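Following: one structure in structure tokens, then a few remarks.
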Amino acid sequence: MKNIVYVDNNATTMVAPEAIEAMKPFFTDKYGNPSSMHTFGGRVHKDVEAARESVASLIGAGDPAEIIFTSCGTESDNTAIMSTLKAYPEKRHIITTKVEHPAVINLCRYMETVGYRVTYLSVNEEGMIDINELKSSVDSDTAIITIMHANNETGVLFPIEEIAEIARVRGVVFHTDAVQSVGKVSLKMTDLPVDLMSISGHKIHAPKGIGALYVRRGTKFSPFLVGGHQEHSRRAGTENVPSIVGLGVACRLVQKGLGDEKAKVKALRDKLEKALLEKVPDSRINGATDNRLPNTTNIGFEFVEGEAILLMMDEKDIAASSGSACTSGSLSPSQVLRAMGIPFAFIQGSIRFSLSRYNTEKDIDHIIKNVPPIITRLREISPYGK
Ligand code: PLP
């Protein structure tokens with residue numbers, strides 16, 4: 001396959017070769033069912049538990065039993081919210097933000113149609129919520145506060161320590177969608193009063209179709225998928241053993257590299273960002289620059305169409321994104337950037353570059369060489385007037 005410069009790692013990541021190697025035996029020799037009584041299945045059970053320990057260790061959870069394997073980040077988000085609403089049937093209020101991933105926001109919208117009240121907290125131009133608005137939104141009817149840790153489009157980090165503390169003091173369950181932050185920033189669940197936290201494998205070099213939900217010991221929990229007794233009756237369905245093993249290896253690799261790789265990725269991201277802002281007039285970073293994931297930059301190029309930029313970058317073998325992968329294709333302007341009040345002429349031409357540990361200096365140089373002429377060319381033919 002042709003070599004591409006892949007900078008769309010918030011959409012999905014390459015599976016780590018080490019994870020693929022570790023998964024292989026589970027498609028051939030080690031195909032037992034971890035729930036079986038026989039030794040053949042029992043051996044596989046041990047591998048599942050080893051993976052659970054790796055996930056727990058990456059996020060600094062006190063007990064591996066606090067990890068439930070799911071099929072993806074979306075399932076983890078849905079499980080966290082639905083479980084809490086079922087656990088507190090008398091409470092009918094949800095607090096979230098206007099910039100959540102569709103896995104949360106569309107579920108909240110659905111819950112409004114079945115009688116729930118939802119507060120969607122606003123964000124400022126930096127992409128940040130107002131803590132006072134959060135505080136004043138909590139009332140005796142609030143069942144759950146569900147606020148993401150890192151935004152998938154801008155990389156902006158919400159202060160989950162502070163939010164978790166507010167939730168704890170007010171006696172409300174707090175769920176955070178940490179799909180984009182796990183593996184990119186250090187987390188220590190033993191120090192963070194977060195009750196539920198969503199994780200997705202394919203964002204951290206594990207395969208697609210595997211996720212996890214952290215459930216703090218003592219949190220009221222009611223399963224979303226009902227059936228067999230897998231995952232201690234918290235998530236029915238025969239475990240996706242190969243992917244669970246792959247996730248375990250991916251977590252170990254991330255944990256090992258969290259310091260060095262984070263610094264390397266951040267240096268590449270900063271180099272890319274600085275060069276593009278310098279070389280392209282009328283361009284800006286969307287969102288806060290300090291409180292941000294180290295791998296993400298969302299740059300708005302005024303007077304151009306993001307889709308046109310993507311297509312021309314594609315011709316130069318650069319794969320990036322003009323918003324969240326789930327919303328691109330609709331051609332409607334990004335909800336996240338709109339909620340931030342970014343001027344429309346910038347929203348239209350916003351591109352997200354999201355790096356991983358597999359990106360190199362050469363990749364960044366390739367983008368720096370090719371993107372500015374693309375913007376110049378598009379502006380020459382732009383109907384917006386520049
Ligand atoms: N939450 C966030 C913040 C995401 O970025 C994504 C995926 O892009 C998801 C949830 C959904 O995760 P998955 O694709 O594993 O369902």
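Computed from a predicted model, the values in this text were never measured in an experiment. For the numbers below, each heavy atom of this structure counts, side chains included, while hydrogens, waters and symmetry mates do not. Whatever order the structure lists them in is the order used to number ligands and atoms, beginning at 1.
The distance from ligand 1 to the heavy atoms of N152 drops below 4.0 Å at these ligand atoms: 3 (C), 5 (O). Here is the list of ligand 1 atoms found below 4.0 Å of a heavy atom in H202: 13 (P), 14 (O), 15 (O). Atom numbering of ligand 1 starts at 1 in the shown order; those under 4.0 Å from a heavy atom of Q180 are 3 (C), 4 (C), 5 (O). Against a heavy-atom cut-off of under 4.0 Å, S200 is close to the following atoms of ligand 1: 13 (P), 15 (O). Close approach of ligand 1 to M148 is summarised as follows: ligand atoms under 4.0 Å from at least one heavy atom of the residue are 3 (C).
In the model, T84 has no side-chain atom that pairs as donor or acceptor with a side-chain atom of H175 under 3.5 Å.
Residues L247 and I67 fall within the same hydrophobic cluster, defined by Ile, Leu, Val, Met, Phe, Trp and Tyr side chains chained together at heavy-atom separations under 4.5 Å.
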task = List the steps, then state whether ring-ring contact (aromatic ring centres under 6.0 Å, His included) holds for F346 with F301.
result = CA-CA 6 Å; F346 278 103; F301 301 103; 9.1 Å; no
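Salt-bridge check for D270 with K274: failed, with every basic side-chain N at 4.0 Å or more from each acidic carboxylate O. A salt bridge links E125 with R284: the closest approach of a Lys/Arg side-chain nitrogen to an acidic carboxylate oxygen falls below 4.0 angstrom. Checked for salt-bridge contact, R170 and D139 miss the test: no charged N lies under 4.0 Å from a carboxylate O.
For E100, no heavy-atom contact with ligand 1 is shorter than 4.0 Å. Residue contacts with ligand 1 for D77 involve side-chain atoms from C-beta outward but no N, CA, C or O (heavy atoms, distance under 4.0 Å). If you look at V179 next to ligand 1, the close heavy atoms, those under 4.0 Å, all belong to the side chain. Of all the heavy atoms of E75, none lies under 4.0 Å from any atom of ligand 1, so neither backbone nor side chain is involved.
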For residues 103-112, which side-chain donor-acceptor pairs fall under 3.5 Å, sequence neighbours excluded?
| from | atom 1 | to | atom 2 | distance (Å) |
| --- | --- | --- | --- | --- |
| N106 | OD1 | R109 | NH1 | 2.9 |
| E112 | OE1 | Y120 | OH | 2.7 |

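Checked against a 3.5 angstrom limit, the closest N/O atoms of G73 and ligand 1 fall inside it.
Taken to the nearest 0.5 Å, the CD1 atom of I59 stands 10.0 Å off from the OG atom of S181.
Look at K208 and you'll find every heavy atom at least 4.0 Å from all atoms of ligand 1.
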